[in-house]
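All remarks here apply to the structure that follows.
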Amino acid sequence: MNKPYPRHRTRVLHDLRGSWQFAWLGDGPGDWMVEEVALSATMPVPSCFDAMPDYAGRRGQALYCKRVQVQKSGRVRLEFEAISMWARIYWDGVMVHEQPFGYTPFEVVMDAVEAGWHEVWVLVDNRYQSERSPMHEEYYDFYQWGGITRGVWLHELPDVAIEYVEVRTIDLGGRIEARIQLSQEAEVHFELDEKSCSALSAEWNPSTRLLTAHFNGVGWRPWSPEHPELHTLRVVLPADDYEVRFGLRTIETRYREILLNGKPLLLKGYNRHEFHPQYGASVPLAQVYADLQLIKATGANFIRGSHYPQCQQFLDACDELGILVWEETLGWQQREKQLTNPAYLLQHDAMVMAMIRRSCNHPSIILWGFLNECRSDQPFARPVIESTARLIRSLDSTRLITFATMFPFVDRCADLVDVFSVNTYPGWYECEGHPNPLSLVAPRIEEIARYHVENHPEGQPLLISEIGVEALQGWCDSMNGFFTEDYQARYMETTLNAILSNPIYSGVAIWQFSDARTYSNGYSINRPRSYNNKGIFDEYRRPKQSAAVVTRAFKAFPNQKGNEVQKASPKKHATGRASVQPSDLPLNLK
Ligand code: ADA
């Protein structure tokens with residue numbers, strides 16, 4: 001199986017995926033002399049050990065080991081795509097790194113490693129320990145898995161190495177800028193789409209060790225869902241190379257629209273958890289493609305990767321298949337406790353930086369998100385959202401920024417981001433005693449749009465980033481009530497028509513693509529089967545009744561918003577002040 005981009009042909013690269021020696025340590029002491037632990041089992045990497053039958057549902061420590069033969073003495077880099085939820089890395093028994101959170105790539109560089117056999121040991125812990133891993137909390141509504149959940153590679157680095165390459169579109173005429181980080185100044189060669197080429201200009205900054213080069217792609221078409229045209233740039237040194245894949249495309253906002261390559265976009269899609277009942281969060285590549293084929297077949301063009309940085313194979317596949325992506329940091333209803341905790345905020349910033357550095361070449365990613373459903377109605381959230389948005393902009397000014405709020409009427413942070421995104425569950429939560437919960441949907445959608453227009457006359461794109469109801473696969477009865485496939489199907493029809501036909505909205509991400517495992521123990525009392533059952537497909541990707549309804553609705557609306565819609569005056573749509581005042585409206589709190 002290919003390594004996700006970046007790829008290397010010259011550099012010596014060891015693929016450490018495959019079978020590792022393994023020992024389950026459970027609640028052991030923590031400070032292990034790793035070389036003294038007997039490793040009596042084996043475990044595939046990547047995988048979630050707690051999704052495997054032998055260790056299903058267990059929380060505790062586990063130890064992994066892999067031997068690797070370094071060919072040439074010198075500097076090496078261990079690249080981990082993600083380990084969950086906490087890990088210590090040992091090189092020949094010596095601890096070299098501690099990783100406090102999962103879902104995120106990290107690297108460990110070791111200088112002066114001798115040629116010959118070496119051992120990589122990884123101590124993994126999937127217990128919730130909010131002191132050392134405040135990014136992971138047990139109350140999140142999705143199962144948090146343990147293990148070396150994504151790929152691992154060992155790079156043997158030459159004396160002069162390419163550290164990093166980022167490509168940005170300058171204009172749709174084909175002009176791109178490459179930012180190339182080198183370990184020291186060197187003469188580089190370039191290949192665009194596998195053909196040797198020269199840069200239009202190249203400038204070396206010795207203090208940042210950054211080479212900035214410009215190129216012109218002749219005859220290139222912009223990357224879009226309809227034409228996901230991809231290109232590669234390979235940077236070559238005598239003993240090193242670094243190949244990235246990218247697409248030519250722009251993303252920006254204009255008044256209430258999100259513009260992809262200058263055209264107003266209508267986002268139609270799903271939230272998707274990285275989950276499969278047999279593999280947990282380590283979803284095999286074939287299943288990733290299967291998911292994307294199913295998603296595309298429903299007429300969708302968009303996925304919100306809820307609620308953590310995504311695996312690179314998934315993003316590579318979205319690039320290829322033309323699916324637009326919102327990638328976000330790990331988070332779920334962060335409260336004062338976290339948003340005022342410096343240790344949490346430091347880790348969150350570190351995750352933002354790692355996510356953007358690893359994902360920035362994917363044309364599919366159009367939105368950076370963070371802090372799903374945090375208390376953005378409270379003053380203490382504002383400085384956090386402000387500084388996170390500032391950090392993201394400083395790292396990548398080419399994409400849009402958003403966060404999903406559950407406070408459409410009392411949010412205090414909307415002005416800090418490019419796109420206002422609302423999670424809302426009318427007709428599901430908080431409608432106990434209501435004779436006709438479905439009737440609550442269309443008015444809520446209308447109300448959110450009207451309130452947004454009135455409060456953002458300067459114009460800001462508006463998305464519904466979550467909406468949905470639970471349906472248990474195969475559950476139908478004559479009352480067609482909650483948890484039936486029928487209620488979900490009628491709900492989706494009403495919801496999607498209300499959102500997609502309302503010109504104020506730039507789109508919707510249904511909650512959610514497929515059923516996904518959530519809380520275990522007492523937390524699961526409100527989640528039948530310990531699953532969040534709001535999938536349009538179940539956990540084995542079998543369609544529920546609503547899949548056909550969603551397909552009809554998504555296919556009825558093109559990917560681009562029409563011109564007449566674009567011109568529609570918000571004033572015409574917003575028919576005066578809401579009859580219900582914001583303070584009377586129920587919050588989407590569970
Ligand atoms: C939230 C949350 C999701 C999920 C959903 C639900 O808005 O962001 O992760 O928990 O609600 O099903 O209630």
Side-chain angles (χ1 to χ4, degrees), residues 102-103 135-145 269-275 281 302-310 326-335 338-339 367 369-377 381 385 402-411 413 420-432 437 440-441 444-445 448 463-473 482-483 487-488 491-492 495 499 508-520 523-539 544 546 586-590:
Y103 302 106
M135 296 292 292
H136 292 273
E137 293 271 6
E138 196 167 1
Y139 71 81
Y140 299 173
D141 181 13
F142 54 94
Y143 199 90
Q144 293 169 75
W145 304 87
Y270 302 87
N271 286 268
R272 176 181 175 273
H273 268 300
E274 290 185 335
F275 169 73
F302 175 53
I303 296 177
R304 174 174 175 224
S306 49
H307 294 302
Y308 32 77
Q310 300 290 293
W326 157 338
E327 189 176 21
E328 67 186 20
T329 55
L330 173 61
W332 203 88
Q333 297 194 359
Q334 263 54 36
R335 315 146 177 193
Q338 293 122 334
L339 298 181
L367 285 158
F370 53 87
L371 297 173
N372 171 58
E373 294 190 338
C374 78
R375 288 306 307 257
S376 51
D377 62 325
I385 292 184
T402 192
F403 63 90
T405 184
M406 57 173 167
F407 305 105
F409 306 109
V410 289
D411 193 281
C413 302
F420 191 55
S421 303
V422 174
N423 294 354
T424 185
Y425 288 86
W428 184 252
Y429 295 117
E430 295 171 340
C431 51
E432 292 92 341
L440 297 171
V441 174
R444 172 71 73 91
I445 299 299
I448 291 171
L463 284 181
I464 294 291
S465 39
E466 287 184 28
I467 194 158
V469 295
E470 300 212 22
L472 298 170
Q473 172 68 269
F482 275 25
F483 293 102
Y487 184 67
Q488 189 194 43
Y491 185 92
M492 279 303 148
T495 298
I499 298 168
V508 58
I510 294 170
W511 186 267
Q512 59 178 332
F513 161 58
S514 60
D515 292 349
R517 186 176 283 282
T518 180
Y519 310 112
S520 47
Y523 280 106
S524 67
I525 194 76
N526 293 319
R527 291 280 186 258
R529 315 186 301 135
S530 291
Y531 270 73
N532 186 313
N533 297 288
K534 297 191 187 76
I536 300 303
F537 296 80
D538 76 1
E539 65 274 27
K544 301 180 190 170
S546 54
L587 298 178
N588 171 34
L589 282 171
K590 290 178 279 250

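All values below were derived from every heavy atom in this structure, side-chain atoms included, with hydrogens, water molecules and symmetry-related copies excluded. Numbers here simply count residues along the sequence, with the first being 1. As the structure lists them, so they are numbered: ligands from 1, and atoms in each ligand from 1.
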Heavy-atom pair with the smallest gap, counting every atom of Y103 and P309: O-CB, 3.2 Å

Within-shell test, Y429 vs ligand 1, heavy atom, strictly < 4.0 Å: yes

Residue pair P437 / Y487: nearest heavy atoms and the distance that separates them: CB-OH, 3.5 Å

Region of N271 that comes within reach of ligand 1 [heavy atoms, distance under 4.0 Å]: neither

Full working for side chain to side chain donor-acceptor pair (under 3.5 Å) between E466 and Y425: CA-CA 8 Å; E466 287 184 28; Y425 288 86; 2.6 Å; yes

Interfacing atoms of ligand 1 (cut-off 4.0 Å, heavy-atom, N532): 4 (C), 6 (C), 12 (O)

Option whose closest heavy atom lies nearest to atom 6 (C) of ligand 1, chosen from K534, R304, E373: K534

Straight-line distance of C374 SG to F403 CZ, nearest 0.5 Å: 6.0 Å

Test of ring centre spacing under 6.0 Å for F142 and F275: no

Side chain, backbone, both or neither: the part of Y425 lying under 4.0 Å from ligand 1 by heavy atom: side chain

Side chain, backbone, both or neither: the part of H307 lying under 4.0 Å from ligand 1 by heavy atom: side chain

Short side-chain donor-acceptor distance under 3.5 Å, R444 and T424: yes

Proximal ligand 1 atoms for D141, defined as those under 4.0 Å from one of its heavy atoms: 4 (C), 6 (C), 10 (O), 12 (O)

Numbered atoms of ligand 1 (with element) below 4.0 Å of R527, judged on heavy atoms: 6 (C), 12 (O), 13 (O)

N372-ligand 1 polar pair, N/O distance under 3.5 Å: yes

Contacting atoms of ligand 1, where contact means under 4.0 angstrom from a heavy atom of W332: 2 (C), 3 (C), 8 (O), 9 (O), 10 (O)

Between OH on residue Y531 and OH on residue Y143, distance to nearest 0.5 Å: 11.0 Å

